[in-house]
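Report on one structure; see the data block that follows.
The analysis underlying the following values was restricted to heavy atoms, covering all of them including side chains, and did not include hydrogens, waters or symmetry mates. We name chains A, B, ... by the order of the sequence lines, and we start the count at 1 in each one.
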There are 2 protein chains.
Amino acid sequence: MPKTNSDQLHGTLDMLVLKTLQNGRLHGYAIAVRLEQLSNEVLKVEEGSLYPALYRMEARGWLSSEWGMTETARRARFYKLTREGRAQLGAETQSWTRLTAAVQSVLSS
Amino acid sequence: MPKTNSDQLHGTLDMLVLKTLQNGRLHGYAIAVRLEQLSNEVLKVEEGSLYPALYRMEARGWLSSEWGMTETARRARFYKLTREGRAQLGAETQSWTRLTAAVQSVLSS
DNA sequence: ATCTGATACCTAGGTGTTCTAAGTCTTAGT
DNA sequence: ACTAAGACTTAGAACACCTAGGTATCAGAT
């Protein structure tokens, strides 16, 4: 019974994914790798969390996607931010900042 | 369909409650009030979230409780940290710091 | 030539927290 | 007598995330 990963990033996954797409399109697997790199291996993104999140966000109009090829000639589905996705990223970032500030203010009381 | 409060504090509620009990015992309602004050009204703790959280944490041995009277002579259930609860608070705080740092590092990339 | 590991995606099912939305009872104030 | 606030309770639903499998392709090693 390995106590692994449970719910590390509840609530932040969408924001993190949107953020990785801010500078251009990426495919799912690359998003996961990117997030782990950018967080110095602290954030491990489970594929069973990531892909459903991508579908959710595309369904909500925050992302659009299409099949393409990686540099290494592999088939992959590329995602990019829509205008709404960009707005959503802004909103979630702002809300996250506000929330963590509030939590921090409790913790340092 | 009022889009209100949804899951603001997912994952942080336990830590926040433990924190409010660090300096002595409080009853449930007072914990909610305290958290809202300390966070400058940013964190609204729903009673339907708070009380089940208290029961959970007591069941896990992080809290102990007993009935008592408030200063205004009202019946209320007072909670206090156990030794394990204190350890849990430390662990969760550390993990939260680590996580938010990682998220921050992604956001500022 | 085969095997392994990495790349890339998919999905069913379970877990766990939180919220919604009721409700009860008591006391204070009007 | 009525109302609002204090204090607690609980059932149910929503939702995100994880577990744990699965598929397929390609590169490199044995």
Side-chain angles (χ1 to χ4, degrees), chain A residues 1-18 25-37 43-60 62-63 65-79 92 96 99 103, chain B residues 1-18 25-37 43-60 62-63 65-79 92 96 99 103:
Chain A
M1 57 291 293
K3 178 68 92 187
T4 47
N5 226 5
S6 46
D7 274 30
Q8 283 189 64
L9 23 79
H10 211 123
T12 64
L13 181 57
D14 288 0
M15 177 180 67
L16 293 171
V17 168
L18 293 170
R25 50 180 243 167
L26 286 175
H27 60 277
Y29 196 86
I31 293 173
V33 172
R34 180 69 73 88
L35 278 177
E36 299 188 10
Q37 285 173 349
L43 273 15
K44 307 289 187 189
V45 184
E46 302 299 329
E47 302 189 356
S49 307
L50 177 61
Y51 292 110
L54 290 171
Y55 308 149
R56 261 194 332 255
M57 290 194 279
E58 182 164 23
R60 289 174 186 169
W62 304 344
L63 304 179
S65 70
E66 56 186 12
W67 287 104
M69 286 293 161
T70 67
E71 307 103 8
T72 56
R74 281 165 174 283
R75 171 184 153 283
R77 186 150 199 107
F78 287 83
Y79 291 86
E92 290 200 22
W96 187 82
L99 259 299
V103 170
Chain B
M1 58 295 291
K3 179 69 94 188
T4 46
N5 226 7
S6 45
D7 275 28
Q8 282 188 64
L9 22 82
H10 210 122
T12 64
L13 181 56
D14 288 1
M15 178 179 67
L16 293 171
V17 169
L18 292 171
R25 49 182 243 164
L26 285 175
H27 62 275
Y29 196 85
I31 293 173
V33 172
R34 180 70 72 87
L35 277 176
E36 299 187 11
Q37 286 173 348
L43 273 13
K44 307 288 186 191
V45 184
E46 301 301 329
E47 302 191 354
S49 307
L50 176 61
Y51 291 108
L54 291 171
Y55 309 150
R56 265 197 325 261
M57 292 194 277
E58 181 165 22
R60 288 172 186 171
W62 304 344
L63 304 179
S65 71
E66 54 186 13
W67 288 103
M69 287 293 160
T70 67
E71 307 102 9
T72 56
R74 281 165 174 285
R75 171 182 154 285
R77 186 151 199 103
F78 287 82
Y79 291 86
E92 290 200 24
W96 187 82
L99 260 298
V103 170

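Partners of A:Leu99 according to the side chain to side chain contact (heavy atoms under 4.5 Å, CB included) rule, which considers only residues two or more places apart in sequence or in another chain, are A:Ser95, B:Gln8, B:Leu43. Listed by chain and number, the residues in a ring pair (Phe, Tyr, Trp, His ring centres under 6.0 Å) with A:Phe78 are A:His27 (sequence neighbours excluded). Annotation: side chain to side chain donor-acceptor pair (under 3.5 Å) contacts of A:Arg56 (sequence neighbours excluded): A:Asp14. Taking A:Glu58 as the reference, A:Ser65 meet the side chain to side chain donor-acceptor pair (under 3.5 Å) condition, with sequence neighbours excluded. Every residue meeting the side chain to side chain donor-acceptor pair (under 3.5 Å) condition with A:Arg25, not counting sequence neighbours, appears here in chain and number order: A:Glu66.
In the region residues 70-78 of chain B, proximity to DNA chain C at under 4.0 angstrom, judged on heavy atoms, holds for B:Arg74. A heavy atom closer than 4.0 Å to some atom of DNA chain D occurs in B:His27, B:Gly28, B:Tyr29, these being the qualifying members of residues 25-37 of chain B.
Checking the phosphate oxygens (OP1, OP2) of D:dC8, no side-chain nitrogen or oxygen of B:Tyr55 falls inside 4.0 Å. Using a 4.0 Å cut-off, no side-chain N or O of B:Ser49 falls inside it from OP1 or OP2 of C:dT17.
Separating the CH2 atom of B:Trp67 from the P atom of C:dC25 is a distance of 14 Å, rounded to the nearest angstrom. Across the protein-nucleic acid pair, B:Met69 atom CE and C:dT27 atom C1' stand 12 Å apart, rounded to whole Å.
DNA chain C contains the following stems of three or more consecutive Watson-Crick or G-U pairs, with both distances under 3.5 Å: C:1-30 with D:1-30.
Contact of A:Glu47 with C:dC9 (side chain to base): a donor-acceptor pair of N or O atoms is detected under 3.5 Å.
We find the CG-CG distance between A:Leu50 and A:Leu35 to be 8.0 Å, quoted to the nearest 0.5 Å.
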